[in-house]
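These notes are about the structure you will find just below.
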Amino acid sequence: MAGRIQIDLFSTLDGVMQAPGAPDEDPDGGFAYGGWQAPIDDDMVGGKVMAGIRSMDALLLGRRTYDIFAAYWPHYGEGPAAEIARIFDALPKYVASRGEPELAWQGSHLLGSDVAAGIAALRERHERIHVIGSVEFARTLVAEGLFDVLNLWVYPLVLGSGKRLFPADGPARGLRLLEPPVAGDRGVLLLRYGPGAPVTTGVMG
């Protein structure tokens, strides 16, 4: 059975996904709200994210997210997230990049310039491949239908501007809800989608 590509993204209600984790994570475009996720500590999110991390057997990242992870997780040491650090360190990691970056973190590999072929090869090699963050790379995967599950963790915030998965000039694409939404105690919603039918139009009557 071919492996599955699962995308995990944190989003505001208006679709902003830029720099949820820290103020200096991604300041592109003068983004002023880096770290917007941190004050909303939701137990449901923590439990399900950790379950996903424990189940994955490969990590697939865009170049920017890889650089952030590689600068942080191998040096984490002991602390509340030590289990995450150990899992990420041991996993094979694949990086999508248009260039040929130096990938110093152990177990790191370049995906290759042909994304579709690279994804097909990963499906043959692994069972549960997770894309975490990497919104610009995730945009390519969704636009091309190269994914199986899209987990959107939607936070009760509106930020106005910032990077989004679905840009205003993006392609039309249908999605299919895979299971009922799950709500956390701080108002976070988990929406799980898979690829859906092409978008059609009609007349309400």
Side-chain angles (χ1 to χ4, degrees), residues 4-38 40 42 44-45 48-49 52-53 56 58-69 93-98 111 115-116 118-119 122-123 128-184 187-200:
R4 290 164 60 83
I5 306 294
Q6 180 164 304
I7 302 171
D8 300 304
L9 289 169
F10 301 109
S11 174
T12 64
L13 275 173
D14 58 339
V16 175
M17 300 177 181
Q18 186 170 349
D24 59 351
E25 180 180 338
D26 181 4
D28 278 5
F31 187 66
Y33 297 104
W36 54 262
Q37 178 194 13
I40 304 177
D42 193 304
M44 180 273 291
V45 176
K48 288 191 174 291
V49 166
I53 290 172
M56 68 179 69
L59 194 54
L60 175 58
L61 303 171
R63 169 68 186 280
R64 181 188 291 271
T65 302
Y66 172 82
D67 286 345
I68 292 169
F69 278 27
K93 293 163 280 285
Y94 300 90
V95 185
S97 175
R98 296 182 182 90
L111 182 65
V115 174
I119 293 295
L122 288 186
R123 290 184 188 277
R128 295 173 300 279
I129 306 121
H130 280 239
V131 179
I132 298 178
S134 309
V135 63
E136 293 174 78
F137 176 53
R139 189 183 300 152
T140 298
L141 296 179
V142 172
E144 299 297 327
L146 298 172
F147 74 103
D148 299 287
V149 179
L150 171 61
N151 284 334
L152 291 180
W153 306 87
V154 182
Y155 281 67
L157 297 171
V158 174
L159 297 181
S161 63
K163 294 178 182 177
R164 291 171 161 84
L165 179 63
F166 305 112
D169 59 350
R173 171 163 292 280
L175 297 173
R176 176 173 56 93
L177 191 65
L178 299 177
E179 61 184 49
V182 179
V188 181
L189 286 176
L190 170 57
L191 304 174
R192 303 189 79 226
Y193 291 102
V199 175
T200 58

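In this text the structure is predicted, and so the values were computed from the model without any measurement.
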Identified side chain to side chain contact (heavy atoms under 4.5 Å, CB included) counterpart of Leu60 within the set Ile132, Ile119, Thr65, Val95 =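 When side chain to side chain contact (heavy atoms under 4.5 Å, CB included) is applied between Leu60 and each of Ile132, Ile119, Thr65, Val95, only Ile119 qualifies.
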Identified side chain to side chain contact (heavy atoms under 4.5 Å, CB included) counterpart of Leu165 within the set Ile7, Val16, Leu9, Leu141 |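 Of the listed residues Ile7, Val16, Leu9, Leu141, the side chain to side chain contact (heavy atoms under 4.5 Å, CB included) partner of Leu165 is Leu9.
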Nearest-0.5 Å distance, [atom1] of residue [X] to [atom2] of residue [Y]:
| X | Y | atom1 | atom2 | answer |
| --- | --- | --- | --- | --- |
| Ser161 | Gln18 | OG | CD | 8.0 Å |
| Ile53 | Lys48 | CD1 | NZ | 14.0 Å |
| Asp42 | Trp153 | CG | CH2 | 9.0 Å |
| Tyr193 | Leu150 | OH | CG | 8.5 Å |
| Gln6 | Asp148 | CD | CG | 9.0 Å |
| Phe10 | Asn151 | CZ | CG | 9.5 Å |

For the residue pair [X] and [Y], establish whether any side-chain heavy-atom pair is separated by less than 4.5 Å.
| X | Y | result |
| --- | --- | --- |
| Leu159 | Phe31 | yes |
| Ser134 | Arg64 | no |
| Met56 | Ile129 | no |
| Leu61 | Lys93 | no |
| Leu157 | Ile40 | yes |

Verify side-chain contact (heavy atoms from CB on, under 4.5 Å) between Ile5 and Leu146, making sure each step is shown before the conclusion.
-> CA-CA 8 Å; Ile5 306 294; Leu146 298 172; over 6 Å; no
If you compare all heavy atoms of [X] against all heavy atoms of [Y], which two are closest, and at what distance to 0.1 Å?
| X | Y | value |
| --- | --- | --- |
| Ala183 | Met44 | C-CE, 4.0 Å |
| Leu152 | Met17 | CD2-CE, 3.7 Å |
| Tyr94 | Ala58 | CE1-CB, 4.1 Å |
| Gly187 | Pro156 | O-CD, 3.7 Å |
| Glu144 | Arg173 | C-NH2, 4.1 Å |
| Ser11 | Gly15 | OG-CA, 3.4 Å |

Sequence neighbours left out, what pairs pass salt bridge (Lys or Arg N to Asp or Glu O under 4.0 Å) with at least one residue falling in residues 160-171?
->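 The answer is Asp14-Arg164, Asp26-Lys163, Asp28-Lys163, Glu136-Lys163.
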Could you go through the side-chain contact (heavy atoms from CB on, under 4.5 Å) check for Val158 and Thr12 one step at a time?
-> CA-CA 6 Å; Val158 174; Thr12 64; over 6 Å; no
More than 12 heavy atoms of other residues, nucleotides or ligands under 6.0 Å from OH of Tyr33: is that the case?
->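 Atom OH in Tyr33 is not packed in, count stays at 12 or less.
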With sequence neighbours left out, write down each residue that passes ring-ring contact (aromatic ring centres under 6.0 Å, His included) with Tyr155, or none if nothing qualifies.
->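 Once residues adjacent in sequence are excluded, the partners of Tyr155 under the ring-ring contact (aromatic ring centres under 6.0 Å, His included) criterion are Trp36.
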